[in-house]
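Chain naming here is simple, since letters A, B, ... match the order of the sequence lines and numbering starts at 1 in each.
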Amino acid sequence: MLDASITKLTGLDKAGDAWAVLFGPEEHVAIKVNAFRNSLIWTHVPLVIAVTDVLQEVGIPAENIVIFDYWTNELRTAGFEINEDGPGVRCYGTEEAYTRDWEVSGLPTALSDILLGCDALINMPVLKSHMISGITFAMKNHYGSIPAPGVLHRNIGQCIAELNALPPIKDRTRLIIGDVLAACVNYGGSFPYWEPDWIGDSILMSFDPVAHDKVGLDILTQLRMEAGSSPDSLIDMATSCLESAAAAGLGTDDPANMDLVEVNLE
Amino acid sequence: VTSTSHTPKSISRREFLKLAAAGTVGLLAGCSPASPSSPTATSPPTDLPVPADTVAPTSTPTATETPELTVTPEPAVDVGRPDIIETYPDVPSKVIRAQHAGVWDGDDLVPAALREMLDGSMTALTGLDSAGAAWAALFAPDERVAIKVNAIRSSSFWTHVPLVMAVVESLREAGVPGEQIAIFDRSTLELENAGYPVNKDGAGARCCGTDLQDKAGWQLMGTDIKLSNILLSCHALINIPILKQHSMAGISFAMKNHYGTFDKPSSYHQGDAIQRGMAELNALPPIRDRTRLIIGDVLNIVKSGGRSAITGDSILMSFDPVAHDTIGLQLFSEAMTSEGLNSHVAVAKKFATPWLENGAGLGLGTGDLNTIELMEINL
């Protein structure tokens, strides 16, 4: 799935060439997953490992690759093998290591030192509905790259857009791989707020976080309707986020400007 | 955007969280305090899914335009309040702060110190000479007593179990059988995770979550809500929250703790909804009329979305939730200031002031320091 996606996305014939075009052997690559503790659905470990495998195949030393999220404990709970400084791919949480130098929606904001320490970023969210932003997917995933996500839930559309438009995030993002191997179609009202209530068989891949999340929203919309629940509130909430992000120049939320390529494998 | 699908062969679901279990017992069903007369019961849910943390000094809270505060009448329930419970405007609302230099022994709380804090607070609050008489004046042996703690999963700090156990012990000494006492929060899993000994129907104090066993019949801001069956099954309620920073409410303490007592907490977190919702929820008769005592756990002051905390050495005790939370806001501010986190103070005050004012406006108590009698006990 990864190989087929990367060739379609880049237009190159071979997956190896495509990965090598995107990531140089001397680069440090950070992979932002979603291992949030209020959830029982997380970015699937085997998918992430498949990505770290292909990165190593194109010459990136394992020790130059780091899988991260907010907290080490959350990663461990989500099934990731923690490796802070040993041989092999690194995997740990930002913990308290942030650098404060930015502003989002008028609020001082810090960013993960793991993210800031890398040359390239792969964003690997998992598809979930969300009670405030409609969906949480690629752009919302970066609420785990900052130390104070709570305050950015007010005026969330603008906050998500501005956060993703910060140069350290925008400029480092080389690839987005959306995990749709499962999804949380209907979030809950108490812990666990997100469970895998639908099992899927696909991934998304894009360079454009807005287009990526728009396709994710369309998938969730369809799943909600199939489940017999209204997607209207999700669409309302997510649309404001997508519109703000598009207005910030992060990508397009207009399907007419997207090229959705579907690959079906047996 | 490339979408790639693959016919699934074996998609493994990730293991569910392994929750540290103190005590045993399964899930499901409802627990309730045993009744000397006719039992009913089961238990409830709490807070917000949103990761909390507050660093920003100057965020803009949603405007509060003199909300139309509403409270839905309660169906008939036989709940009484002892006359000894007096608050503003009849008298200044008392808030007792008991500090104990020896309450912590390393990472452990000292039960004897907690009892001293509770006993000292009870006598100061009631004006009675002995703690036993004070507990007995508030809780009768034939009553069922629910204790609402904060065990929300999104935090790493919860109402401390030894403090709650010291309260249970005091109740039992006052003649309330253990089986008529129910420690609850919204979910049994969360209580287990927070270190509580789950006991749904065995001997001794009961402890379990509402687990979606809620009852309809009330409205909050015009929307139907349900309240915890555990709460509804009891005559008296002791609210034991822990003092926490909250990204939308400023702080979470006594009034916010009841977001674990009804079925739709996540619907009342945005802007005006949290400012009105917290006040109106606490003004619902089943909560307001049953609340006999509030004991604020300030043994930790939780920040960073529940991920870290400043160690404290005190508890608060009051009959008045607004006064209690007003003093809680002060203590939170002092703790943050001592850590140099002045921006946290500004944010907390900005977000907490509207719901405190709304609570006072609904007659729940007073947030005016001139009408609060703060008594400090140092042990």
Let me confirm one number: the OG-CE distance from B:Ser267 to A:Met131, rounded to the nearest 0.5 Å. 9.0 Å
Residue part contacting chain B, namely of A:Asp208, when any heavy atom lies under 4.5 Å: neither
Using heavy-atom distances under 4.5 Å, tell me whether A:Glu74 contacts chain B through its side chain, its backbone, both, or neither. side chain
Between A:Ile132 and B:Met248, which heavy-atom pair has the shortest distance, and what is it? CD1-CE, 4.2 Å
Taking everything shown except A:Glu103 itself, do over 12 heavy atoms lie less than 6.0 Å from its CD? yes
Proximal component of A:Ala211, with respect to chain B [non-hydrogen, under 4.5 Å]: both
Take a 6.0 Å sphere around CG of A:Asp13 and say whether it holds more than 12 heavy atoms from other residues, nucleotides or ligands. no
Euclidean distance, A:Arg37 CZ relative to B:Ser156 OG, rounded to 0.5 Å: 4.0 Å
When heavy-atom pairs shorter than 4.5 Å are enumerated against chain B, which of A:Gly178, A:Ser105, A:Ser5 gives the highest number? A:Ser5
